[in-house]
Amino acid sequence: QVRLVESGGGLVQAGGSLRLSCAASGRTYSSYSMGWFRQAPGKEREFVAAYNWRGGLTRYSDSVKGRFTISRDGAKITVYLQMNSLKPEDTAVYYCAARTGDDITDVGAAYDSWGQGTQVTVSS
């Protein structure tokens, strides 16, 4: 399995920005995808964005498209989530996930490894 460690969460006012980081270590594969999910209190976990490591393809949920950007560090096995124009409804615990293969699926059950999560709170 891959070990994932998220960082970068915090408290921000509506309209502000945050950048989350997810550093991967441990076993690596020739092809894999990494994604971000989030879970707000009392709600189910939902897909946010995914990145295909080998091809650089990305996928976003409709709720964050145009505001969030997922990217990678070329030298490290690290994926970022740049979040702009944040809204109170973006408040949640954000989780990084990884899976083998090139498919940038939005299905959480398809991911093999998960981080511990980082809290993002957006005040109105």
Side-chain angles (χ1 to χ4, degrees):
Q1 270 197 339
V2 175
R3 180 171 180 262
L4 304 173
V5 179
E6 304 102 331
S7 61
L11 173 65
V12 65
Q13 288 188 333
S17 299
L18 281 175
R19 189 177 81 156
L20 305 184
S21 300
C22 175
S25 61
R27 186 175 182 180
T28 58
Y29 304 91
S30 60
S31 68
Y32 53 96
S33 300
M34 296 180 73
W36 288 96
F37 290 76
R38 66 186 182 186
Q39 188 166 21
K43 294 187 177 181
E44 293 187 355
R45 182 180 63 194
E46 66 171 344
F47 169 78
V48 176
Y51 186 99
N52 163 255
W53 207 262
R54 185 160 60 176
L57 298 177
T58 59
R59 181 175 183 173
Y60 298 93
S61 69
D62 289 341
S63 62
V64 306
K65 198 174 295 183
R67 300 188 297 122
F68 292 10
T69 303
I70 188 170
S71 63
R72 59 168 282 187
D73 184 302
K76 299 178 282 187
I77 307 178
T78 300
V79 67
Y80 303 100
L81 186 67
Q82 178 66 43
M83 305 185 295
N84 298 329
S85 302
L86 282 162
K87 305 174 182 179
E89 51 264 44
D90 294 318
T91 295
V93 177
Y94 283 70
Y95 297 91
C96 177
R99 65 181 300 272
T100 56
D102 294 329
D103 183 18
I104 45 174
T105 178
D106 60 357
V107 177
Y111 290 79
D112 308 304
S113 303
W114 291 83
Q116 80 288 352
T118 185
Q119 176 71 46
V120 172
T121 303
V122 184
S123 63
S124 56

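Heavy atoms only: backbone and side chains are in, while hydrogens, waters and symmetry mates are out. Just so you know, residue 1 is the first one in the sequence shown, and it goes up from there. Keep in mind that what you see is a predicted model, and the values were worked out from it rather than measured.
Heavy atoms only, all atoms of each residue included: A24 and V2 are closest at CB-CG1, 3.7 Å. The minimum heavy-atom distance between M34 and C96, with the atom names listed, is CE-SG, 3.8 Å. Here the closest heavy-atom approach between residue R99 and residue T105 is recorded as CD-CG2, 3.7 Å. Across all their heavy atoms, L4 and A98 have their closest contact at CD1-N, 3.7 Å. Taking every heavy atom of both residues into account, A50 and I104 meet most closely at CB-CB, 3.9 Å. Heavy-atom minimum distance, W36 versus C22: CZ2-CB, 3.6 Å.
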Identify each donor-acceptor pair in which a side-chain atom of residues 82-89 lies under 3.5 Å from a protein atom, sequence neighbours left out, and give them as a table.
from, atom 1, to, atom 2, distance (Å)
Q82, NE2, N84, OD1, 2.9
N84, OD1, S17, OG, 2.9

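With rounding to the nearest 0.5 Å, the separation of OG1 in T69 from CZ in R19 is 11.5 Å. Atoms OG1 and CG, on T118 and L81 in that order, are 11.0 Å from each other to the nearest 0.5 Å. Taken from CG in N52 to OH in Y32, the straight-line distance is 10.5 Å, to the nearest 0.5 Å. In this structure, OG1 on T58 lies 13.5 Å from CZ on R72, to the nearest 0.5 angstrom.
A distance-only check finds a donor-acceptor pair linking the side chain of S33 to the backbone of G101 [under 3.5 Å]. At distances below 3.5 Å, at least one donor-acceptor pair connects side-chain atoms of E6 with backbone N or O atoms of Q116.
Y80 and V120 are members of different hydrophobic clusters when ILVMFWY side chains are connected at heavy-atom separations under 4.5 Å. Residues I77 and V79 share a single hydrophobic cluster, defined by chaining ILVMFWY side chains whose heavy atoms lie under 4.5 Å apart.
Summarising the local packing, CZ of R3 is surrounded by 12 or fewer heavy atoms from other residues, nucleotides or ligands at distances under 6.0 Å.
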- [ ] Kindly indicate, with the supporting measurements, whether the criterion side chain to side chain contact (heavy atoms under 4.5 Å, CB included) is fulfilled by R38 and T91.
- [x] CA-CA 9 Å; R38 66 186 182 186; T91 295; over 6 Å; no
TODO: Check the pair F68, D90 against side chain to side chain contact (heavy atoms under 4.5 Å, CB included), reporting the backbone distance first and the verdict last.
DONE: CA-CA 11 Å; F68 292 10; D90 294 318; 4.0 Å; yes
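Listed by chain and number, the hydrophobic cluster partners of Y111 are F37, F47, V93, Y95, W114, where partners are ILVMFWY side chains within reach of under 4.5 Å, directly or through others.
Each of D106, I70, V48 was scored for a side chain to side chain contact (heavy atoms under 4.5 Å, CB included) with Y60, with one residue passing: I70.
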